[in-house]
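Beneath this line is the structure, given in structure tokens, with notes to follow.
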Amino acid sequence: METTPGKRLEKLVNVVQELSLARNLETVTRIVRKAARELTGADGATFVLRDKDKCFYVDEDAISPLWKGSRFPIETCISGWTMLNRQSVIIPDIYQDSRIPTEAYRPTFVKSLVMVPIRIMDPIGAIGNYWANMHQATKDEAQILQSLADITAVTLENVQIYEELEARVKQRTAELEVANKQLEAFSYSVTHDLRSPLAGIQGLVQLLQEEYSLQFDDESRELMGLIEQSTKNMGQLIDNLLAFFTTSKKELNSVNVSMKAMAVEYFNTLKEQEPEGRAFEFSISDLPDAYVDRTLIKQVWSNLLGNAMKYSRKKDKTVIQVGYEETPKDIIYFVKDEGSGFDMMHYDKLFGAFQRLHSDQEFEGNGIGLSLVERIIARYKGRVWALGTPGSGAAFYFSLPRI
């Protein structure tokens, strides 16, 4: 079947596009063997790779079987000659060319051939075209086949790089999984081991207050209060650590949750824990419901509202606004306050575990809350971000997919 130069070029362009998407050797050989035959109208095509001192006939596309899966010494076959001499070869009659091992060809249909190297410099293989009748291949046919071989060489190099990168990613992923498991096991061990002595300290403090409080002077009572508060902070830190390291492992039990009801509930709970006389201004929109794990989303609201409360304590009035925005794909919930805010110059630390933008003397905390919020929202393929101005408040946003 005759193929015009214009059709060959069009076919070659399509092959280049196909090969650009190839990610393994099997795909490359399938594309190339088929294209090699179609580009010249040959009766057969073969894809050969060099395997040390052997020619490995990897794949073929032909009217009858050739040598697929076979290996021959590189010095005894025409594909080996092409690789060793780094040049293409056109043979109109295989039985008249001393480079052809004719006994290997007698059982086949082959009468004429063209063989080109895959990569001229240090060839890594060859592509062969075969005809069942005597055929004097043209220079154009040999050139289009060589162009295909050159493209194949680049593709094979890209496949090798891709496979190496993929293997490296898998190795790093496996190493990271091991490290995470070790870190989680360590965290479980530490947090559980800490609970027992902490409970002992809390029990002793309670006993001292019950039995000897009448003998305390003001300084002693203040010291006991500090000890009690420190043990509470430590208990909270342990709880937060456990929540942080178990969040990614917890099986999601998503249900329809009224986000407005939950936010109001947590605001009221947190408000009751604040000193009497503190002024509050709380506004909330009719938030859309969300299909989420109730336990996990509670952590989100308690941390965001708790931060808004905490960082507004130095203001005469605590002003908190809860609302939402919509996009075609997401619902964006936000918590805004007019508290101490933060400097956007330090934004990169905001969601890091154990990272704090304020000292313990200014505001209590352990730097776990926002990183926990980010981890929870990430499980729903959402995101968390914030805006802040020192002394003028902050706004925290988190997005969830529409239900």
Side-chain angles (χ1 to χ4, degrees), residues 3 8 12 15 19 25-26 28-160:
T3 306
R8 288 174 186 159
L12 187 62
V15 171
L19 288 174
L25 178 61
E26 291 75 15
V28 174
T29 57
R30 175 178 54 78
I31 295 170
V32 172
R33 65 175 171 77
K34 183 173 182 290
R37 185 177 174 186
E38 292 178 353
L39 282 168
T40 60
D43 297 310
T46 189
F47 187 102
V48 186
L49 287 178
R50 182 168 184 171
D51 183 10
K52 297 180 182 178
D53 59 347
K54 296 284 197 305
C55 292
F56 176 35
Y57 283 70
V58 179
D59 208 350
E60 63 190 31
D61 186 322
I63 58 176
S64 63
L66 293 166
W67 307 279
K68 181 177 178 179
S70 300
R71 285 178 169 81
F72 303 104
I74 196 168
E75 296 86 1
T76 64
C77 53
I78 192 63
S79 59
W81 186 94
T82 297
M83 285 185 266
L84 292 173
N85 290 273
R86 296 181 293 179
Q87 65 184 57
S88 61
V89 60
I90 299 174
I91 300 179
D93 185 349
I94 64 168
Y95 295 106
Q96 299 299 318
D97 196 297
S98 61
R99 294 169 294 186
I100 298 292
T102 53
E103 292 306 314
Y105 279 75
R106 288 192 190 281
T108 72
F109 65 85
V110 180
K111 297 294 187 297
S112 305
L113 66 81
V114 173
M115 189 71 68
V116 299
I118 298 176
R119 197 169 67 192
I120 301 296
M121 297 296 293
D122 191 20
I124 57 174
I127 298 173
N129 269 14
Y130 307 99
W131 286 266
N133 299 309
M134 294 297 179
H135 177 80
Q136 177 65 56
T138 65
K139 288 184 179 180
D140 285 344
E141 289 174 331
Q143 184 58 52
I144 199 75
L145 200 60
Q146 185 63 65
S147 297
L148 175 63
D150 294 341
I151 297 163
T152 301
V154 174
T155 303
L156 289 175
E157 290 175 0
N158 290 340
V159 165
Q160 182 179 1

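Remember, predicted model here, so these are calculated numbers, not experimental data.
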With side chains defined as the heavy atoms from C-beta onward, is the minimum distance between [X] and [Y] less than 4.5 Å?
X	Y	result
Ile151	Val15	no
Pro92	Gln136	yes
Ser88	Leu145	no
Gln146	Ile120	yes
Val28	Thr152	yes
Val114	Glu141	no
Asp43	Tyr130	no
Val48	Trp67	no

Contact summary for Ile63 and Ala132, nearest pair of heavy atoms: CD1-CB, 4.2 Å
Least distance between heavy atoms, Ala149 atom then Pro117 atom: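 Closest pair (atom of Ala149, atom of Pro117, distance): CB-O, 3.3 Å.
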Roughly how far apart are [X] [atom1] and [Y] [atom2], rounded to 0.5 Å?
X	Y	atom1	atom2	result
Leu156	Ile118	CG	CD1	6.0 Å
Asn129	His135	CG	NE2	8.5 Å
Thr138	Ile144	OG1	CD1	10.0 Å
Lys54	Leu49	NZ	CG	15.0 Å
Ile94	Ile100	CD1	CD1	6.0 Å

Residue Lys111 excluded, over 12 heavy atoms near NZ under 6.0 Å: yes
More than 12 heavy atoms from other groups under 6.0 Å of CE on Met134: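 Yes, CE of Met134 has more than 12 neighbouring heavy atoms, counting only those of other groups under 6.0 Å.
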Salt bridge (charged side-chain N to carboxylate O under 4.0 Å, His left out) involving Lys68 - partner list, sequence neighbours excluded: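 Salt bridge (charged side-chain N to carboxylate O under 4.0 Å, His left out) list for Lys68, sorted by chain: Asp59.
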Verdict with reasoning, Val110 to Leu66, per side chain to side chain contact (heavy atoms under 4.5 Å, CB included): CA-CA 9 Å; Val110 180; Leu66 293 166; 3.8 Å; yes
Counting N and O atoms only, with roles assigned by atom type, does the side chain of [X] sit under 3.5 Å from a partner on the main chain of [Y], one being a donor and the other an acceptor?
X	Y	value
Asp97	Arg99	yes
Glu60	Pro65	no
Arg37	Ala42	yes

Criterion side-chain contact (heavy atoms from CB on, under 4.5 Å) against Met83, the qualifying member of Arg50, Met115, Arg119: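 For Met83, the side-chain contact (heavy atoms from CB on, under 4.5 Å) test succeeds with only one of Arg50, Met115, Arg119, which is Arg50.
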Please list, one pair per line, the donor and acceptor atoms closer than 3.5 Å that link side chains of residues 75-82 to other protein atoms, with sequence neighbours excluded.
residue	atom	partner	partner atom	Å
Thr76	OG1	Pro73	O	2.8
Ser79	OG	Tyr57	OH	3.0
Thr82	OG1	Ile78	O	3.0

Trace of the side chain to side chain contact (heavy atoms under 4.5 Å, CB included) decision for Leu148 with Leu12: CA-CA 7 Å; Leu148 175 63; Leu12 187 62; 4.3 Å; yes
